[in-house]
Peer 1: 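After the structure tokens below, expect a handful of questions from me.
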Amino acid sequence: MAQDKKLVEEITSMNEDFTQWYTDVIKKADLVDYSSVRGCMIIRPYGYAIWENIQKGLDSRFKETGHENVYMPMFIPEGLLQKEKDHVEGFAPEVAWVTHGGSEQLAERLCVRPTSETLFCDHYANVIHSWRDLPKLYNQWCSVVRWEKTTRPFLRTTEFLWQEGHTAHATAEQAQEETIRMLNVYAEFCENMLAIPVIKGQKTQKEKFAGAESTYTIEALMHNGLALQSGTSHNFGDGFAKAFDIQYTDKSNQLQYVHQTSWGMSTRIIGGIIMVHGDNSGLVLPPRIAPVQVIVIPVSQHKEGVLEKASEICDRLSDIVRVKMDDSDKSPGWKFSEYEMKGVPVRLEIGPKDIEKGQVVLVRRDNGEKIFISIDEIETKVPELLNSIHDNLLRKATALRDEKTYTTVDFADFEKIVSQTPGFIKAMWCGELACEEAIKEKTGATSRCMPFDEEAVSDKCICCGKEAKHLVYWGKAY
RNA sequence: CGGGGUGUAGCGCAGUUGGUAGCGCGCUUGGUUUGGGACCAAGAUGCCGCAGGUUCAAGUCCUGUCACUCCGACCA
């Protein structure tokens, strides 16, 4: 079957209208439903199952790097939120407030957490006294609320699910190490579990987190050339420690401020998965987080022995992969389309003809290839195929990103790329806020990050022509 | 927060100069089918977003309001 042939009519083509395509995919794949609460989405079982797999993958990585899970309250007293000046200024415009308990007005308003720095800091001030209490390596899984004006499922919703790691360390060096360690965890996770290649780098002063000393990011590129900030890791230095008075006594009996970090990844990454791997037939899920890795479709299931054989295959596979059988009375063709839209990596067909030959048909979601294998080989071939699909998705995504990554030293050229062929643009920058703002003003592109592997593509700033300090990845972003 | 669009059956929509609501899909039941969204038959489903107003009469006209959605400025 020709790969570019549209199999599912209900889904708008990507190149026709990318935004509509995204909305169609999310709806047709049963990932979310709109809710009766403005800007909030209902994550349906299939969408939530993806999130659960992401959670499992990240959580085990956090545990391996020594972190413990905790849970903080969802409310923050106004006074607590206001302790760190930059932080409160950054979040104030999008905070939701609780003013009443029942019918009683509260003496102090409570903010619904937009992030939990202040709560962690307040707690740390209470529990950290000695160098023996450090480091504190905490993480929490929760939802946060940010009163956004424009919302889109997964990419930006009023309430969203995430994890936020918060750590406290004895020294600045240890905090910096932690910041980079967790950024690397995110990057590794994206590539090995989600098949999404990312650019690792540092945010500019303008783009960094409110209250942070420095912010690091992984940036992914979507099919339409827009960038998606997919995970961030912040080094707070001792700024929060000073605001919240988090001190410990060191080995030489001196009082010291702790150095802190925080890092987070959210359900937004699901939007990334959709927009990196999806195609005109719908969702394409990376096998390692797909809720269903193999869908078994019996053909002519009313015929003697077909369902029995299909169930047997399903049982045999269920020990090694996430497998499901669809024995509903829909037609096979309907089922093929359904699981294509849902992005199930492998379809396994079994019908009378196959049983006769002792084989099954495997069809890859990523490239449509049909493979006939002997029933005896399913336990070895199916996992192999899933790995091969993962590799192919990562390879394709990397190729697409590289194809949409441009280098330029000329401002007019820069403008042309942003407006005509959006993607990552590598260009030099003098380090001045004025230039960053001018570029945004004139082109719509923002600085995504200063990559760790810096190259000098020129010695002059793309904007002002003065001496360049950094290579920056620029791009339009979600 | 500005600009546009849409609210009628579960979903997608039609509804003429105002006259008391329809189509497709889906759903239910029965039967025939089954290798790329099958077919036939019989059913069920409506506070026409909400609130006012005009009128003998409002899905339709007027006013207001709310929600959703898309496009721009701020944000994971």
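Scope of the values below: all heavy atoms of this structure, side chains included, with no hydrogens, waters or symmetry mates. A, B, ... follow the sequence lines: proteins, then strands. Residue 1 opens every chain.
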Peer 1: Going by side chain to side chain donor-acceptor pair (under 3.5 Å), name the residues that satisfy it together with A:Arg113, two or more places apart in sequence or in a different chain.
Peer 2: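 A:Arg113 satisfies side chain to side chain donor-acceptor pair (under 3.5 Å) with A:Tyr71 only.
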Peer 1: Give one of base, sugar-phosphate or nothing for A:Val361, where a contact means two heavy atoms less than 4.0 Å apart.
Peer 2: base
Peer 1: Taking any heavy-atom pair under 4.0 Å as a contact, classify A:Lys370: base, sugar-phosphate, or nothing.
Peer 2: nothing
Peer 1: A:Phe236 and A:Phe209: ring pair (Phe, Tyr, Trp, His ring centres under 6.0 Å), yes or no, with the steps?
Peer 2: CA-CA 9 Å; A:Phe236 289 152; A:Phe209 180 83; 5.8 Å; yes
Peer 1: B:G53 and B:U6: how far apart are their C1' atoms, nearest whole angstrom?
Peer 2: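 Their C1' atoms lie roughly 24 Å apart.
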Peer 1: With sequence neighbours left out, what residues match A:Pro114 under side chain to side chain contact (heavy atoms under 4.5 Å, CB included)?
Peer 2: A:Ile76, A:Phe91, A:Val95, A:Cys111, A:Arg146
Peer 1: Round to the nearest Å and state the distance from A:Glu148 atom CD to B:G2 atom C1'.
Peer 2: 17 Å
Peer 1: Would you measure the distance from the P atom in B:G37 across to the matching atom in B:U32 and give it in whole Å?
Peer 2: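 So the two P atoms sit 22 Å from each other.
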Peer 1: Given the structure, check if the side chain of A:Arg347 and the base of B:G35 hold any donor-acceptor pair shorter than 3.5 Å.
Peer 2: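 Checked by distance alone, the answer is no.
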Peer 1: Using whole Å, what does the distance between atom P of nucleotide B:U33 and atom NZ of A:Lys303 come to?
Peer 2: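 After rounding, the reported distance stands at 10 Å.
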Peer 1: Provide the distance between the two C1' atoms, one in B:A9 and one in B:G59, to the nearest whole Å.
Peer 2: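 Here B:A9 and B:G59 have their C1' atoms 14 Å from each other.
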Peer 1: With pairs defined as Watson-Crick or G-U wobble and both distances under 3.5 angstrom, please note down RNA chain B as a dot-bracket string, | for pairing with another strand.
Peer 2: (((((((..((((.....[..)))).((((((.....)))))).....(((((..]....))))))))))))....
Peer 1: Identify, with sequence neighbours excluded, every residue that meets side chain to side chain donor-acceptor pair (under 3.5 Å) alongside A:Ser262.
Peer 2: A:Glu117
Peer 1: So which protein nitrogen or oxygen atoms get under 3.5 Å of nucleotides 24-31 of chain B's nitrogens or oxygens?
Peer 2:
| from | atom 1 | to | atom 2 | distance (Å) |
| --- | --- | --- | --- | --- |
| B:C27 | OP1 | A:Lys330 | NZ | 3.1 |

Peer 1: Test of understanding: with ring pair (Phe, Tyr, Trp, His ring centres under 6.0 Å), list the residues that count as partners of A:Trp263, not counting sequence neighbours.
Peer 2: A:Phe62, A:His67
Peer 1: I need the CG-C1' distance between A:Leu307 and B:U34, as an integer number of Å.
Peer 2: 12 Å
Peer 1: Tell me the interatomic distance from A:Lys149, atom NZ, to B:A76, atom P, rounded to whole angstroms.
Peer 2: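 Roughly 14 Å, once rounded to whole Å.
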Peer 1: Going by heavy atoms closer than 4.0 Å, what residues in residues 348-355 of chain A are next to RNA chain B?
Peer 2: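 Those residues are A:Glu349, A:Gly351, A:Pro352, A:Lys353, A:Asp354.
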Peer 1: Would you measure the distance from the P atom in B:U8 across to the matching atom in B:C48 and give it in whole Å?
Peer 2: 11 Å
Peer 1: Using nucleotides 65-70 of chain B, report all nitrogen or oxygen pairs with the protein that are shorter than 3.5 Å.
Peer 2:
| from | atom 1 | to | atom 2 | distance (Å) |
| --- | --- | --- | --- | --- |
| B:C68 | OP1 | A:Arg38 | N | 3.0 |

Peer 1: Would you say the side-chain atoms of A:Arg365 pair up with the backbone N or O of A:Leu283, donor to acceptor, closer than 3.5 Å?
Peer 2: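 Yes, the answer is positive, given that a donor and an acceptor are paired below the 3.5 Å cut-off.
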Peer 1: Do the charged groups of A:Lys63 and A:Asp59 touch, with an N to O distance under 4.0 Å?
Peer 2: yes
Peer 1: Which pairs pass side chain to side chain donor-acceptor pair (under 3.5 Å) with one or both residues in residues 184-198 of chain A, sequence neighbours excluded?
Peer 2: A:Arg61-A:Glu188, A:Gln163-A:Tyr186, A:Asn184-A:Lys200, A:Glu188-A:Asn192
Peer 1: Pair A:Ile180, A:Ser233 - check side-chain contact (heavy atoms from CB on, under 4.5 Å), show working.
Peer 2: CA-CA 7 Å; A:Ile180 301 303; A:Ser233 188; over 6 Å; no
Peer 1: Within the modelled atom types, does a donor on one side and an acceptor on the other bring the side chain of A:Ser266 and the base of B:A76 under 3.5 Å apart?
Peer 2: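 By the distance-only test, yes, there is a pair.
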Peer 1: Determine, answering yes or no, if A:His302 is stacked on B:U34 under the 5.5 Å centre rule and the 30° plane rule.
Peer 2: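 So yes, this residue stacks on that base, both cut-offs being met.
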Peer 1: May I have the step-by-step check of side-chain contact (heavy atoms from CB on, under 4.5 Å) for A:Ser214 and A:Lys208, ending in yes or no?
Peer 2: CA-CA 6 Å; A:Ser214 51; A:Lys208 75 176 188 188; 5.9 Å; no
Peer 1: Kindly write out the residues that satisfy side chain to side chain donor-acceptor pair (under 3.5 Å) with A:Glu78, not counting sequence neighbours, or none if the list is empty.
Peer 2: A:Arg109
Peer 1: Just list the side-chain donor-acceptor pairs under 3.5 Å for residues 216-227 of chain A, sequence neighbours left out, or say none.
Peer 2:
| from | atom 1 | to | atom 2 | distance (Å) |
| --- | --- | --- | --- | --- |
| A:Tyr216 | OH | A:Gln176 | NE2 | 2.9 |
| A:Thr217 | OG1 | A:Glu219 | OE2 | 2.8 |
| A:Glu219 | OE1 | A:Arg448 | NE | 3.2 |
| A:Glu219 | OE2 | A:Lys203 | NZ | 2.9 |
| A:Asn224 | OD1 | A:Leu226 | N | 3.2 |
| A:Asn224 | ND2 | A:Tyr478 | OH | 3.1 |

Peer 1: Please state how far atom NZ in A:Lys28 lies from atom P in B:G12, giving the value in whole angstrom units.
Peer 2: 10 Å
Peer 1: Does the structure show A:Trp334 stacking with B:G36, if we require the centres to be closer than 5.5 Å and the planes to be within less than 30 degrees of parallel?
Peer 2: no
Peer 1: Among all residues two or more places apart in sequence or in another chain, which pass the side chain to side chain donor-acceptor pair (under 3.5 Å) test with A:Thr99?
Peer 2: none
